[in-house]
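For reference, positions follow the sequence shown, starting with 1. Computed from heavy atoms alone, side chains included, the values below leave out hydrogens, waters and symmetry copies. Note that the structure is a prediction, hence the values are computed from the model and not measured.
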Amino acid sequence: MREFDYRRASDVPGAVALLGAEPEARYLGGGTNLVDLMKSGVERPALLVDVRELPLDRIEVTDDGGLHVGATVTNSDLAAHPEIRRRYPALTQAVLAGASGQLRNMATVGGNLLQRTRCAYFTDVSKPCNKRVPGSGCPAIAGEHHNHAILGASPHCVAVHPSDMGVALTAFDAVVHYVTAEGPHEVPLAEFYLPVGATPHRETALPAGALITGITLPPVAAAASCYRKVRERASYAFAIGSVAAALDVRDGTVRAARLAFGAVASRPWRAHAAERALIGGPATAEAFAAAADAELAAAEPLPGNAYKVTLIRNLVVAVLTELAAECRRTEEATR
């Protein structure tokens, strides 16, 4: 590990100023991803700016009835918050599926959004990797890629984004708030992660030195939501496929639908084609399968990860069937 300096920020402008003065600085929140990358040599910051004590640890109701979540809210506090559990159950489920209690107690919302891929070629500095060293190649394409991308990849990178939380936030149209030396800004999560293209090392739309201060969740139109994750072992592991979904069904017809996939692309994948196919149609397993097929028609799997197409299709049908049944029970209870 490279020797580094450490500073604790006392306020947001001070944190941004510290990072602006040192091009090789990094913000430190819970450190659950960054410290691991420093130990392996992937990240080699000259300065760590500790932002954990900044006043960004609250969850508050917004004027329009949504929620604002501060960037230093821990994953544990996010998952346990009564308003998150009541309004956005898929988000609570995603956070609880993501890591052990010890990690959730340390990890922060802002850091979770910025965690980096767990591709073995990226985390091994002895191997080439376009995400780590631009222009060095992507050995995963011809090598080990069973848990790599089937959607939105490129000849330059097929790694997947590891966040469970990010998948649920994508389904709920979250907005990311951040601060630069010029002041506060915001960007929809749908635009926060950049397409992989020819520049896989450029992962987000954040300007250099920007500090995430929080996220905003808008009021939810769909009545029921769920997050379902498939992993290779029963204990905590990164997903090989996941689905976050929210559904509103009335009189057997889908009135609103939100759908996002995880572990299939370089970013949480919003399934717009599937949503369009669902809305206005019947809430049946056949319709859910057809919607999944509409989204997965764009999939370009590699030889070792073609199973993900079937996996995600089955997950979509299972999750939406479960949510449709929940909507029916709610509807019957209110008659």
Side-chain angles (χ1 to χ4, degrees), residues 30-37 39-40 42 74-76 78-80 89-109 111-124 127 129 131 139-141 143-151 153 157-171 225-245 259-269 292 296 299 301-322:
T32 56
N33 183 210
L34 176 60
V35 173
D36 283 345
L37 293 176
K39 289 177 179 178
S40 66
V42 174
T74 66
N75 289 10
S76 290
L78 179 69
L91 180 53
T92 288
Q93 293 163 7
V95 173
L96 293 177
S100 67
Q102 295 93 328
L103 287 174
R104 294 198 303 270
N105 289 341
M106 288 297 296
T108 62
V109 169
N112 188 290
L113 294 177
L114 293 175
Q115 65 179 301
R116 308 193 72 187
T117 185
R118 266 54 176 197
C119 172
Y121 298 102
F122 170 75
T123 57
D124 184 348
K127 301 291 195 299
C129 171
K131 188 177 284 292
I141 293 174
E144 173 52 54
H145 55 246
H146 82 282
N147 195 23
H148 285 60
I150 60 172
L151 290 164
C157 182
V158 292
V160 296
H161 194 270
S163 175
D164 294 287
M165 179 191 296
V167 181
L169 291 175
T170 296
S225 72
C226 178
Y227 180 78
R228 186 72 56 79
K229 173 181 180 177
V230 175
R231 48 196 170 194
E232 292 179 324
R233 62 178 187 265
S235 61
Y236 290 104
F238 294 100
I240 58 173
S242 66
V243 169
L259 201 61
F261 303 157
V264 297
S266 63
R267 51 184 172 167
W269 187 268
L296 293 167
L302 295 165
N305 67 4
Y307 73 93
K308 285 194 176 189
V309 176
T310 302
L311 175 75
I312 294 296
R313 185 182 193 269
N314 291 343
L315 270 181
V316 168
V317 174
V319 168
L320 294 182
T321 298
E322 179 181 317

Can you name the side chain to side chain donor-acceptor pair (under 3.5 Å) partners of [X], sequence neighbours left out?
X	value
Ser76	Asn105
Thr74	Asp77
Gln93	none
Tyr227	Asp164, Ser242

Could you walk me through whether Val264 and Val160 satisfy the side-chain contact (heavy atoms from CB on, under 4.5 Å) test, starting with their C-alpha distance in whole Å, then the side-chain angles of each, then the deciding distance to 0.1 Å, before giving a yes or no?
CA-CA 6 Å; Val264 297; Val160 296; 5.8 Å; no
Taking only residues two or more places apart in sequence, or in another chain, which ones meet Ser266 in a side chain to side chain contact (heavy atoms under 4.5 Å, CB included)?
Val196
Side chain to side chain contact (heavy atoms under 4.5 Å, CB included) against Ile240, all qualifying residues, sequence neighbours excluded:
Asn147, Val230, Glu232, Tyr307, Leu311
Partner set under salt bridge (charged side-chain N to carboxylate O under 4.0 Å, His left out) for [X], not counting sequence neighbours:
X	answer
Lys308	none
Asp124	Lys127
Arg104	none
Arg231	none

Using modelled atom types and a 3.5 Å cut-off, is there a donor and acceptor pairing between side-chain atoms of [X] and backbone atoms of [Y]?
X	Y	value
His145	Ala140	yes
Lys39	Leu34	no
Asn112	Ser163	no
Ser40	Leu37	yes

Would you mind reporting whether Tyr121 and Glu144 have side-chain heavy atoms less than 4.5 Å apart?
yes
Is there side-chain contact between Lys229 and Val167, with heavy atoms separated by less than 4.5 Å?
no
Would you check, one step at a time, whether the test side-chain contact (heavy atoms from CB on, under 4.5 Å) holds for Val316 with Phe261?
CA-CA 9 Å; Val316 168; Phe261 303 157; 3.6 Å; yes
Trace of the side-chain contact (heavy atoms from CB on, under 4.5 Å) decision for Thr123 with Thr117
CA-CA 8 Å; Thr123 57; Thr117 185; over 6 Å; no
Contact summary for [X] and [Y], nearest pair of heavy atoms:
X	Y	answer
Leu113	Leu169	CD2-CD1, 3.8 Å
Ala90	Ala245	CB-O, 4.4 Å
Pro301	Ala306	CB-CA, 3.6 Å
Leu96	Ala79	CD2-CB, 3.9 Å
Gln115	Asn33	CA-OD1, 3.2 Å
Cys119	Ala159	CB-CB, 4.1 Å

Just how far is it from atom CG of Leu78 to atom CE of Met165, taken to the nearest 0.5 Å?
5.0 Å
Hey, what do you get for SG (Cys157) to CD1 (Ile141), rounding to the nearest 0.5 Å?
8.0 Å
Name all pairs fulfilling the salt bridge (charged side-chain N to carboxylate O under 4.0 Å, His left out) condition that reach into residues 90-100, sequence neighbours left out, sorted by first residue then second.
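Qualifying pairs, neighbours excluded: none.
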Residues that His161 engages under ring pair (Phe, Tyr, Trp, His ring centres under 6.0 Å), provided they are two or more places apart
Tyr193
Report the C-alpha separation of Asn75 and Thr108 in whole Å, then their side-chain angles, then the decisive distance to 0.1 Å, and conclude whether the side-chain contact (heavy atoms from CB on, under 4.5 Å) test is met.
CA-CA 6 Å; Asn75 289 10; Thr108 62; 5.6 Å; no
